[in-house]
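Data block below; observations after.
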Amino acid sequence: MPLHPEGFVNLAIQEATHTSRQATCIALLVAITFFMENLDATVITTALPRMAADFAENPVSLNIGITAYLLAVAVFIPLSGWVADRFGARNVFAGAIGLFTFASWLCGLASTLEAFIAARVLQGIGGALMVPVGRLVVLRATEKKHLVKMLAVITWPGLVAPVLGPPIGGLIVTHLSWPWIFYLNIPLGVLAIVAAWWLIPDAPCGEARSFDLVGFIFLASACAAWLIGLEMLGSLSGGSFSAGAALVTLGALLTWLSIRHCQHHPTPLLPLATLGIATLRSSIVGGTLFRLSISALPFLIPLMLQIGFGLSPVDTGLLVLAIFAGNLAMKPFTTVLLCRYGFRRVLLVNGLIGIGSILACLGLQQGMPWYWMALVLFIGGLSRSMQFTTYNAVGFSEVPKQQMGEASTLFSMFFQLAMALGVAVVALLLRVSMMVRDADGGITVSDFHWALIGVALIACASVVDAMRLSTDAGKQVLPT
């Protein structure tokens, strides 16, 4: 019997509902993996003394475990787009989760510093492929009108994980032992692999491009030089400053060579054509400046509260959770505000609020009531969350489906570099302040104040960049 026209309508509605539900589930899955990847970048900070004792090493030497992980992520992210096109997004995403999970197990088993570093590098490679390919899966599975909602779902781990990492690491080390920091990834990873094969459609592989080995060497070397160089510049050891300056100079040269190579190579590893899209370019340029400044605060504020004000680690951790509370509190209002005011106005106004919240930290004083401190950090968390989601959504709002892979790889590389370099830039600002006043007695509150001003100036540059957006930028992804 022929189906009534209303039946066709009902079937279409059911199919659309199922597709939307599937896209939401995929976004939640990617959010979990994003949380795992970002958490492991910071979770070991409070466990370093215990780990150093087990490895019979100096605790300072264990910082290489953090650096090796971030470096591996930054170096291998440019490879993610080519790998996803060559082997299929679902296969690469599930395989990357498997590699990350296996490396987590090896981290927990490590009995020497060398074995731990090797496992962290392997874990970083898994994370480098897992997050950008996961974002690409979400972008391909989501309709434009639902893009803001889906990107808001996968944005929160990047905000929450750096804040929750140190307290979670401290709790695990106190009540269990440090290997459990990594063993907890194993059940999550296994479930994520199963969910990936069940939820993500097996789309055909893209056109097999030839592998751009020279481009990979240039890009990987540039990322490594910038990250290591800035960390050495921020180090308090005198001999590292000249070496750090040399590496930063080398990083700038390699970046220039990478750009020229990508512009002239017929099939570059990192195609730059998508930078011609104004909204993506703003998300890359302005968004990177904003993320760099904001990612510095979870490192800078706890140090100021403990070293400058003499607060205990517990009290400091509780106050920093106000940033996390602000992140969560803003989520229900993000889409509403974007629909009412548009991307450009939100980036400008909220960017100024974010700068104001950074400068408001200059007013924090020793002995101030805790609730005033928490309020300043809470407002900063609100602005931080809104700006993150806005930059993520506007960046992909005008990218055609066939260019999502290129855009996702480019976005992910700059996103990860900004998050990794934030701490290095703050350390450099603190060092410059100490050098200017010729300090021998250590860091003081005034050094933290100058660092905050430097971070606020970087955030100002992102607001200036947002002014170049058109008033109707990205409006096609906003629900009507």
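Predicted model, so just to flag it, every value in this text is computed and none were measured.
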Do [X] and [Y] touch side chain to side chain, with heavy atoms closer than 4.5 Å?
X	Y	answer
Gln123	Asn185	yes
Leu338	Thr390	yes
Phe414	Arg291	no
Trp372	Leu375	yes
Met467	Arg344	yes
Ile458	Phe290	no
Leu364	Cys361	yes
Leu337	Met330	yes

Whether [X] side chain and [Y] backbone form a donor-acceptor pair below 3.5 Å:
X	Y	result
Ser357	Gly354	yes
Ser283	Tyr391	yes
Thr249	Ala245	yes
Ser462	Ala459	yes
Trp226	Gly251	yes

Do you see a donor-acceptor pair shorter than 3.5 Å between the side chains of Asp465 and Ser282?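 The answer is yes; a qualifying pair exists.
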Please round to the nearest 0.5 Å and tell me the distance separating atom [atom1] of [X] and atom [atom2] of [Y].
X	Y	atom1	atom2	answer
Ser383	Ile353	OG	CD1	6.0 Å
Trp105	Ile186	CH2	CD1	8.0 Å
Leu382	Phe333	CG	CZ	9.0 Å
Asn350	Ser385	CG	OG	9.0 Å
Leu452	Leu429	CG	CG	9.5 Å
Leu191	Thr101	CG	OG1	10.0 Å

Please report the C-alpha distance between Phe116 and Phe182 in whole Å, then the side-chain angles of each, then the deciding distance to 0.1 Å, and finally whether the ring-ring contact (aromatic ring centres under 6.0 Å, His included) criterion is met. CA-CA 11 Å; Phe116 178 71; Phe182 302 100; 5.8 Å; yes
Please state whether the rings of Tyr183 and Trp180 are parallel, tilted or perpendicular, taking 30° and 60° as the class boundaries.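 The arrangement is perpendicular - the two ring planes meet at more than 60°.
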Of all heavy-atom pairs between [X] and [Y], which one has the smallest distance, and what is that distance?
X	Y	answer
Val455	Ser293	CG1-O, 3.2 Å
Ala360	Val376	CB-CG1, 3.9 Å
Ile284	Phe411	CD1-CA, 3.6 Å
Ile97	Gly189	CG2-O, 3.5 Å
Gly229	Val248	C-CG2, 3.8 Å
Gln387	Leu347	NE2-O, 3.0 Å

Is Arg281 atom CZ crowded by more than 12 heavy atoms from other residues, nucleotides or ligands, each under 6.0 Å away? yes
Mind running side-chain contact (heavy atoms from CB on, under 4.5 Å) on Arg340 and Val336 for me, showing each step along the way? CA-CA 6 Å; Arg340 181 166 183 176; Val336 175; 5.6 Å; no
